[in-house]
Chemist: 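The structure's right below; bear with me while I get my questions together.
We name chains A, B, ... by the order of the sequence lines, and we start the count at 1 in each one. Hydrogens, waters and symmetry mates play no part in the numbers below; they use all other heavy atoms, side chains included.
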Protein chains: 2
Amino acid sequence: MADLYPPQSDDYPTTERSRVRREHDRGSHGRADVYAVLDATPLCHVGYVLNGAPYVTPTLHWRKGDHVYWHGSAASRFLRSAEDMPVCLTCSILDGYVLARSAFNHSVNYRSAMVFGTARLLEDAEEKAGALRRFVENLFPGRWDSLRPMTGQEVKATSVLRMEIEEATAKVRNGPPGDTGEADFPVWAGVLPVRSHLAPAEAAPGLPNGIELPEPLAALIQSGRIR
Amino acid sequence: MADLYPPQSDDYPTTERSRVRREHDRGSHGRADVYAVLDATPLCHVGYVLNGAPYVTPTLHWRKGDHVYWHGSAASRFLRSAEDMPVCLTCSILDGYVLARSAFNHSVNYRSAMVFGTARLLEDAEEKAGALRRFVENLFPGRWDSLRPMTGQEVKATSVLRMEIEEATAKVRNGPPGDTGEADFPVWAGVLPVRSHLAPAEAAPGLPNGIELPEPLAALIQSGRIR
């Protein structure tokens with residue numbers, strides 16, 4: 001029976017690539033810490049190398065277990081360039097400005113995750129449709145089944161990349177300025193928090209009368225979260 | 001006299017690297033369009049290549065004319081790796097979710113800019129201090145002169161990278177779902193706008209009595225902008 005539950009580390013391996021170098025106290029290789037950042041924002045930045053030069057493309061991602069996913073047009077250079085190549089996918093959230101008594105001690109409160117792996121195109125149409133469904137459902141619970149169903153042509157025109165997380169680092173800073181030794185210097189110090197939220201929904205022009213905002217979307221807007 | 005005012009293009013050059021491929025209507029190489037995105041958010045993602053592999057590091061940037069700047073510890077691998085190397089610096093802002101009648105037509109409203117160039121370390125201490133002053137003043141007007149002055153040791157411990165923008169692309173989507181041909185399908189469609197703002201300031205623990213939030217910071221919080 002032992003093989004059914006192989007021991008699994010809760011940390012990603014630490015290598016030269018991902019080892020936290022600066023400000024160790026802020027860094028973690030823990031899966032839970034990495035997942036928390038990946039799941040807190042829909043927006044990521046995907047870095048890849050093309051002809052030796054770096055490219056960073058913003059896109060939306062989603063996660064299932066130890067895999068991250070993103071998608072785009074089947075004709076996209078971005079997706080074709082990232083396929084079967086080493087990728088660094090980074091998520092970051094600016095939580096606030098940290099204002100200290102000196103310029104040097106100014107900082108930001110933030111959450112970030114860098115994940116490393118090799119991106120693979122999903123080839124199977126059903127697997128692709130299933131991944132896209134999870135993408136929509138993760139953001140907007142209950143929406144997929146209410147939509148005009150996806151056509152085979154639309155699945156074909158969409159590429160989905162999946163990347164197993166081989167290594168990852170999460171970094172978080174949260175708190176007041178650390179320069180309490182200079183608290184006597186007569187300048188205001190503290191934190192200006194940055195917050196993101198959903199504003200009231202804007203119905204599409206020409207939306208037929210009687211179609212109300214679905215309850216899960218209303219609840220999401222109400223929640224103060226952006227996903 | 002003609003040489004005094006050499007004609008200057010308002011567009012960045014269009015090359016294989018930066019040519020807008022997908023959704024041309026959303027893309028621009030115009031300087032004003034690129035500046036507008038770079039100046040709208042303090043957060044950027046810097047992509048660089050180390051031993052052939054991509055890295056994407058979030059950081060704060062600032063801009064002066066056709067140069068972007070970012071900074072960090074003089075001991076940072078990130079800064080040393082990006083020096084004298086090709087860099088792609090990307091800024092992006094998620095402005096909203098665009099919900100259509102089909103999964104395929106879902107989209108996001110966003111603003112993004114990708115800028116390409118080669119990063120150089122500022123060597124001169126005065127130039128470095130001047131750049132850091134602009135960084136602080138851009139974010140928090142009037143703050144620099146109110147701070148405990150920077151020491152020579154602090155300038156030394158800080159690296160500043162400057163990158164001339166050689167090529168750049170801005171992309172923007174803004175508007176309702178584009179699937180008006182399917183408006184009869186009975187599902188809610190429209191936009192869920194995402195907004196970021198500053199929350200009320202949190203004074204540092206132990207801030208001496210009588211030190212009030214400076215008026216420019218109060219005005220910034222009031223403005224609804226995050227910079």
Chemist: Measure distances from Ser112(A) to the heavy atoms of chain B and classify the residue's part below 4.5 Å as side chain, backbone, both or neither.
Modeler: side chain

Chemist: Need one label for Leu43(B): side chain, backbone, both or neither, based on atoms under 4.5 Å from any heavy atom in chain A.
Modeler: side chain

Chemist: Relative to chain A, which segment of Pro177(B) carries a heavy atom at a distance below 4.5 Å: side chain, backbone, both, or neither?
Modeler: side chain

Chemist: Taking it one step at a time, do Leu207(A) and Trp188(B) satisfy side chain to side chain contact (heavy atoms under 4.5 Å, CB included)?
Modeler: CA-CA 7 Å; Leu207(A) 189 73; Trp188(B) 191 88; 3.5 Å; yes

Chemist: Most heavy-atom pairs under 4.5 angstrom with chain A, which of Ala201(B), Ala199(B), Pro193(B)?
Modeler: Pro193(B)

Chemist: Answer yes when Arg111(A) and Asp33(A) have at least one side-chain N-carboxylate O distance shorter than 4.0 Å, and no when they do not.
Modeler: no

Chemist: Parallel, tilted or perpendicular: which describes the rings of Tyr69(A) and Trp62(A), with under 30° parallel and over 60° perpendicular?
Modeler: parallel

Chemist: If you measure from CE on Met150(B) to NZ on Lys156(B), what distance do you get to the nearest 0.5 Å?
Modeler: 13.5 Å

Chemist: Hey, does the side chain of Arg133(A) reach the backbone of Trp144(A) with a donor-acceptor pair shorter than 3.5 angstrom?
Modeler: no

Chemist: Does one side chain, of Thr57(B) or His45(B), offer a donor that lies under 3.5 Å from an acceptor on the other?
Modeler: no

Chemist: Return the minimal non-hydrogen interatomic distance between Thr41(B) and Cys91(B), and the atom names on each side.
Modeler: CG2-CB, 4.0 Å

Chemist: With a 4.5 angstrom heavy-atom cut-off, which part of Glu182(B) approaches chain A: side chain, backbone, both or neither?
Modeler: side chain

Chemist: Among Ala157(A), Pro86(A), Gly96(A), Gly72(A), which residue has the highest count of heavy-atom pairs closer than 4.5 Å to chain B?
Modeler: Pro86(A)

Chemist: State the CG-CG distance between Asn105(B) and Asp179(B), to the nearest 0.5 angstrom.
Modeler: 5.0 Å

Chemist: Heavy-atom pairs under 4.5 Å with chain A: which of Val194(B), Leu147(B), Val155(B) has the most?
Modeler: Leu147(B)

Chemist: Need one label for Leu139(A): side chain, backbone, both or neither, based on atoms under 4.5 Å from any heavy atom in chain B.
Modeler: side chain

Chemist: Do you know which of Gly206(B), Pro200(B), Ala103(B), Pro176(B) has the most heavy-atom pairs under 4.5 Å to chain A?
Modeler: Ala103(B)

Chemist: Non-hydrogen atoms of chain A under 4.5 Å away: do they reach the side chain of Leu132(B), the backbone, both or neither?
Modeler: neither

Chemist: Say whether His106(A) and Arg143(B), considering side chains only, have a donor N or O and an acceptor N or O under 3.5 Å apart.
Modeler: yes

Chemist: Which answer fits Ile221(A), side chain, backbone, both or neither, if we ask what part of it has an atom under 4.5 Å from a heavy atom of chain B?
Modeler: side chain

Chemist: Between Pro205(A), Ala203(A), Gly47(A), which residue shows the highest count of heavy-atom pairs closer than 4.5 Å to chain B?
Modeler: Ala203(A)

Chemist: Among Gly175(A), Pro214(A), Ala189(A), who wins on heavy-atom pairs under 4.5 Å with chain B?
Modeler: Ala189(A)

Chemist: For Arg227(B) and Asn138(B), run side chain to side chain contact (heavy atoms under 4.5 Å, CB included): C-alpha distance rounded to whole Å, both residues' side-chain angles, the deciding distance at 0.1 Å, then the answer.
Modeler: CA-CA 8 Å; Arg227(B) 63 169 291 168; Asn138(B) 277 354; 4.1 Å; yes

Chemist: Test salt bridge (Lys or Arg N to Asp or Glu O under 4.0 Å) on Arg148(A) and Asp184(B) and set out the steps.
Modeler: CA-CA 10 Å; Arg148(A) 190 265 292 150; Asp184(B) 283 346; over 6 Å; no

Chemist: Classify the side-chain pair His71(A)/Ser159(A) by whether it contains a donor and acceptor separated by less than 3.5 Å.
Modeler: no

Chemist: Report which part of Phe78(B) has an atom under 4.5 Å of a heavy atom belonging to chain A: side chain, backbone, both, or neither.
Modeler: neither

Chemist: Pick whichever of Val46(A), Leu89(A), Leu94(A), Leu217(A) has the most heavy-atom pairs under 4.5 Å with chain B.
Modeler: Leu217(A)

Chemist: For this output row, return yes or no: ring centroids of Phe116(A) and Tyr55(B) closer than 6.0 angstrom.
Modeler: yes

Chemist: Determine the option with the most heavy-atom pairs under 4.5 angstrom with chain B, choosing from Phe135(A), Tyr48(A), Phe104(A).
Modeler: Phe104(A)

Chemist: Among Ala53(A), Pro208(A), Ser92(A), who wins on heavy-atom pairs under 4.5 Å with chain B?
Modeler: Ser92(A)

Chemist: Answer with side chain, backbone, both or neither: which region of Asn51(A) has an atom nearer than 4.5 Å to a non-hydrogen atom of chain B?
Modeler: neither

Chemist: Shorter than 4.5 Å, heavy atoms on both sides: which option in Cys88(B), Pro58(B), Gly52(B), Pro186(B) has the most such pairs with chain A?
Modeler: Cys88(B)

Chemist: Heavy-atom distance under 4.5 Å to chain A: side chain of Leu60(B), backbone, both or neither?
Modeler: side chain

Chemist: Under 4.5 Å heavy-atom distance to chain A, tell me which part of Val87(B) shows up: side chain, backbone, both or neither.
Modeler: backbone

